Amino acid sequence: MPLTGKNILIGITGGIAAYKICELIRMFKRANANVKTVVTRNALEFVTPLTLETLSQEPVYYKQFETEERKPEHIALCSWADVFLIAPASANTIGKIANGLCDNLLTSLACAFQKQIIFAPAMNTGMWNNKAVQKNIETLKSYGAKFVEPESGYLACGTEGQGRLADLNSIYSAVEELLQENNKFLKGKKIVITAGGTKENFDPVRYIGNYSSGKMGAALAQKACEAGADVTLITSASLTRKMSFNTICVNSAKEMFEAVQEEFYNKNADILIMTAAVADYRPENCADLKIKKENTDELTIKLVKNPDILSEMCKIKKPNQQIIGFCAESNDLIKNAKTKIRKKGCDWLVANDISRKDTGFSSDYNEVFVLDKNLNITKIEKDTKENIASKILESIWQKQAK
Ligand code: C5P
């Protein structure tokens with residue numbers, strides 16, 4: 001899991017192991033993470049603000065009531081941090097956090113922080129074995145905190161036993177693991193995604209189709225899978241490699257409609273994402289045998305309307321189900337998208353401009369606008385379809401999770 005760009009907040013309490021955190025900051029910085037430190041007054045007996053500021057290239061935080069921006073520091077740092085690690089965590093600070101006390105910036109942050117906190121305790125063996133300390137640790141674990149247990153060995157106070165700060169690599173791995181876990185923001189969700197242009201046969205070997213490559217749908221399926229979802233891709237485009245999610249291959253809009261009804265509606269999936277370019281019309285009749293050119297100089301194919309899968313699903317969806325439509329427009333993108341989200345009744349609509357040569361249909365790139373029901377618009381700048389897929393999922397569901 002790359003730590004690049006991740007925001008790591010380290011809470012340092014007053015124990016001799018505080019000096020080891022200087023090296024940990026270096027490890028995170030080498031991995032291109034952003035690091036901020038919040039310390040207790042006691043921690044400053046062991047490490048200086050200058051050391052921490054030089055290593056983290058950020059101010060060190062400990063003053064609870066003085067902020068430059070006039071924003072409560074504990075709220076600002078909480079929303080900044082992707083992960084909050086308290087290392088070394090003293091018996092005193094563990095006890096305060098376990099009991100909801102907020103007498104300094106570090107404990108206030110711990111109280112306000114909404115995600116899982118990682119504690120790496122370090123203390124004298126007697127303190128570690130103290131029943132009250134162990135009870136506080138059990139309390140924090142029962143509230144969902146993660147602990148990197150201290151190791152046994154020679155302690156700075158001259159005794160041997162458990163209490164030495166865990167190896168820095170173990171603490172580093174715990175941060176990586178938690179970030180990976182947090183990334184699974186679609187865990188427990190069943191998602192059905194449609195992809196590709198449907199093929200509407202007028203004889204057994206010929207069809208009316210469109211240029212949709214199915215790449216956007218496949219990228220969304222892959223990224224939703226990585227975010228922890230149980231994904232089923234219903235596709236009319238052939239996949240070039242074996243995928244890690246369920247795939248159902250269909251040809252026509254009618255087959256796609258039946259598969260969507262079964263997988264999304266009957267099986268009660270949570271989310272439907274309709275990236276497929278479903279043909280609006282199909283030949284009224286499909287010849288049983290290949291049409292011979294020798295038999296006629298002209299061929300007239302009468303087209304009849306296909307069901308609009310997206311609209312039909314929006315009409316019958318259950319209250320717990322969410323639907324995202326896509327729209328490809330060659331003019332007045334936003335205006336048409338606003339009309340379309342209302343008309344179709346979906347929860348979100350992803351709009352892209354297919355008049356551009358460098359994005360859209362068969363390109364590996366895309367640039368999209370995500371509209372919600374209130375017509376709020378988020379622009380996702382041109383990027384690979386994989387990155388666009390991640391950003392679409394994050395912009396819709398990570399926002400909800402926060
Ligand atoms: O109306 P328009 O084709 O622009 O709408 C595009 C959206 O509707 C896409 O999400 C597409 O998958 C879906 N659609 C559908 N059934 C159709 C036509 C489009 O579900 N017959």
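Counting starts at 1 for both ligands and their atoms, in listed order. Keep in mind that what you see is a predicted model, and the values were worked out from it rather than measured.
With respect to the salt-bridge test (charged N to carboxylate O, under 4.0 angstrom), the residues K292 and D203 do not qualify. Between E200 and K254 no salt bridge is recorded (no basic side-chain N to carboxylate O distance below 4.0 Å). Using a 4.0 Å cut-off between charged nitrogen and carboxylate oxygen, E226 and K184 do not count as a salt-bridge pair. We find that K189 and D230 are not joined by a salt bridge, their nearest charged nitrogen and carboxylate oxygen being 4.0 Å or further apart.
With contacts defined as side-chain heavy-atom distances shorter than 4.5 Å, the pair K305/R282 does not qualify. At least one side-chain heavy atom of I324 sits less than 4.5 Å from a side-chain heavy atom of I396.
Contacts of ligand 1 (protein heavy-atom distance under 4.0 Å) are M274, A276, V278, A279, D280, P307, D308, I309, L310, G325, F326, K340, K344.
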